[in-house]
Number of protein chains: 2
Amino acid sequence: MENLIDKKQSIIESALELVYENGFHGCPVSQVAKNAGVAAGTIYTYFENKEDLIVGIYEHVAQQIMNYISERDDASLEFENRFFDYWRNFTEFYEKYPAIHGFYDQFLNSPFNSEEIQNKPNIWHEWAHKFFQSGMDKGAIRVTNPVVLSILVNTNIASTVRIKKNFKTKLARTNVNLEEISHLIWAGIKAD
Amino acid sequence: MENLIDKKQSIIESALELVYENGFHGCPVSQVAKNAGVAAGTIYTYFENKEDLIVGIYEHVAQQIMNYISERDDASLEFENRFFDYWRNFTEFYEKYPAIHGFYDQFLNSPFNSEEIQNKPNIWHEWAHKFFQSGMDKGAIRVTNPVVLSILVNTNIASTVRIKKNFKTKLARTNVNLEEISHLIWAGIKAD
DNA sequence: AATAACTGAATGAACGTTCAATCATTCTAA
DNA sequence: TTAGAATGATTGAACGTTCATTCAGTTATT
């Protein structure tokens, strides 16, 4: 373990993996510690308690998503192109890091995602809201609530990735084209 | 308690409410028993163990959804009308029974929803698949995988209800029209 | 009388958390 | 430069609690 930040990160990554595999009820602190290569007590140097750890994963994950998407966003492009880049990169990210996809899906629908958490400033959410806001400012998409818009889009991306994952073999034999879902959503939100 | 079926039902409903409020990790058998008005041991007359109880809730919930939607489906109508009825009734159902909405959202993204569960015959899923299949047979919607189609549609309904719930007050001040989401999805799946 | 349902205290395993002891690193002062 | 004091991180056994599950005894039903 090089330094403290690495240690905190390895605790988070161990917990992330366990939640993905076994759900919130299947990631005991003892196991998190074991997989992270630290003692159980060490976790409490970095997190107040288990709930704090779960929220820590969420914040870490949100940061990762933002980095991946924002680094690949080219604000000089037409908004339509930026939208499809956003969709493609987010999909790519989820497929690259299935544990994040699994954790996020579980977290967002769980009581861990309390009103308190939702009201906390979140740089990924803020980035996404600004992203859609700029689409409106440029007249590319209809004026609507950017928060609602980002939830709608993100839900459909997560859902598409889940379908792709669960029906990998079956999909090959049908003519379903999940790429179309992005066009479908775009058609619905773009300015007339 | 009138009879055995009522008792089983009240156990399920008590557990459903607790999962909705506190998540899977926050519904101890002792509490389930208390809220259901039975002793802890009685639960084991109806369910092998706690996992069996959770799966029992899922099956009960799927049954409820199917009853509500299928009773209100008029197969003699144009498929387009049936689709919008489906959407409206499902939304209505979720808003009427927020605990079911909350439980279902959590269950579907959790490891409880194992491959084994997914492969079990499920009369609600079968009904939904047949519903979309009949839309294809009549040439109203594009030929695609009805399983994928129902997941896509159901995800968007659940998501829309969640947005509506979380942004109730905020939405009133914007010109977001969530009803449009159903039209957006319909435009994407209907036959050209 | 026989069977089945029900009870709730008892059980033991699992869990989150604590803490005295140990180890590593940084600082102090001679 | 360095002894050693001070600080902070780390450990893992121990603690108290909570939990799912069991079962001997009780009540209800057939």
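Keep in mind that the numbers below use all heavy atoms, side chains included, and drop hydrogens, waters and symmetry copies. Letters go in sequence order (proteins before strands), and every chain restarts at 1.
If you take CG of A:Leu18 and P of C:dC15, they are 11 Å apart, rounded to a whole angstrom. In this structure, A:Ile11 places its CD1 atom 11 Å from C1' of D:dT10, rounding to the nearest Å. Summarising the geometry, the separation between CD on A:Gln31 and P on C:dT17 is reported as 17 Å, rounded to the nearest angstrom. In this entry the distance linking OH of A:Tyr44 with C1' of C:dT18 reads 9 Å, nearest Å. Atom CZ in A:Phe24 sits roughly 13 Å away from atom P in C:dG16 (whole-Å rounding). Atom CG in B:Asn22 sits about 11 Å away from atom P in D:dC19, given to the nearest Å. For A:Ile43 and C:dC19, the CD1 to P distance is 18 Å, given to the nearest whole Å. Regarding B:Lys8, its NZ atom lies at a distance of 12 Å from the P atom of C:dA5, rounded to whole Å.
Out of D:dA20, D:dT10, C:dT17, the shortest distance to the side chain of B:Lys50 is found at D:dA20. In the set D:dA9, C:dC6, C:dT18, D:dA9 carries the atom at the smallest distance from any side-chain atom of A:Tyr46. Side-chain proximity of B:Val38 to D:dT10, C:dT7, C:dT18: nearest is C:dT7. Among D:dT10, C:dT17, D:dT22, the nucleotide with an atom closest to any side-chain atom of A:Asn49 is C:dT17. In this structure, of C:dT7, C:dC6, D:dA20, it is C:dT7 that holds the atom nearest to the side chain of B:Ala39. In this structure, the nucleotide among C:dT17, D:dT21, C:dC6 sitting nearest to the side chain of A:Val29 is C:dT17. For B:Pro28, taking side-chain heavy atoms from C-beta onward, the closest of the listed nucleotides C:dG16, D:dC19, D:dT21 is D:dC19.
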Contacts under 3.5 angstrom, residues 52-60 of chain A side chains, donor-acceptor by atom type, not counting sequence neighbours:
{"unit_1": "A:Asp52", "atom_1": "OD2", "unit_2": "A:Glu48", "atom_2": "N", "d": "3.0"}
{"unit_1": "A:Tyr58", "atom_1": "OH", "unit_2": "A:Asn122", "atom_2": "ND2", "d": "3.3"}
{"unit_1": "A:Glu59", "atom_1": "OE2", "unit_2": "A:Lys120", "atom_2": "NZ", "d": "3.1"}

Acceptor/donor pairs from residues 84-98 of chain A side chains to any protein atom, 3.5 angstrom cut, sequence neighbours excluded:
{"unit_1": "A:Asp85", "atom_1": "OD1", "unit_2": "A:Arg88", "atom_2": "NH2", "d": "2.5"}
{"unit_1": "A:Tyr86", "atom_1": "OH", "unit_2": "A:Asn154", "atom_2": "OD1", "d": "2.8"}
{"unit_1": "A:Asn89", "atom_1": "ND2", "unit_2": "A:Asp85", "atom_2": "O", "d": "3.0"}
{"unit_1": "A:Thr91", "atom_1": "OG1", "unit_2": "A:Trp87", "atom_2": "O", "d": "2.8"}
{"unit_1": "A:Glu92", "atom_1": "OE2", "unit_2": "A:Tyr68", "atom_2": "OH", "d": "2.6"}
{"unit_1": "A:Glu95", "atom_1": "OE2", "unit_2": "A:Lys164", "atom_2": "NZ", "d": "3.2"}

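Between A:Glu17 and A:Ala99, the shortest heavy-atom distance links the atoms OE1-CB, 3.8 Å.
Toward the 5′ end of DNA chain C lies the nearest nucleotide of B:Gly41, the other residue of the pair A:Ala40 and B:Gly41 mapping further downstream.
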Walk me through whether B:Leu149 and B:Met136 qualify under side chain to side chain contact (heavy atoms under 4.5 Å, CB included). CA-CA 11 Å; B:Leu149 211 51; B:Met136 288 174 222; 4.0 Å; yes
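The phosphate of C:dC6 (OP1 or OP2) has a side-chain N or O of B:Lys7 nearer than 4.0 angstrom. The shortest distance between the side-chain N/O atoms of B:Thr45 and the OP1/OP2 oxygens of C:dA5 is not below 4.0 Å.
A donor-acceptor pair is defined here as one N or O able to donate and one able to accept, closer than 3.5 Å; no such pair exists between the side chain of A:Ser14 and the backbone of A:Ser10.
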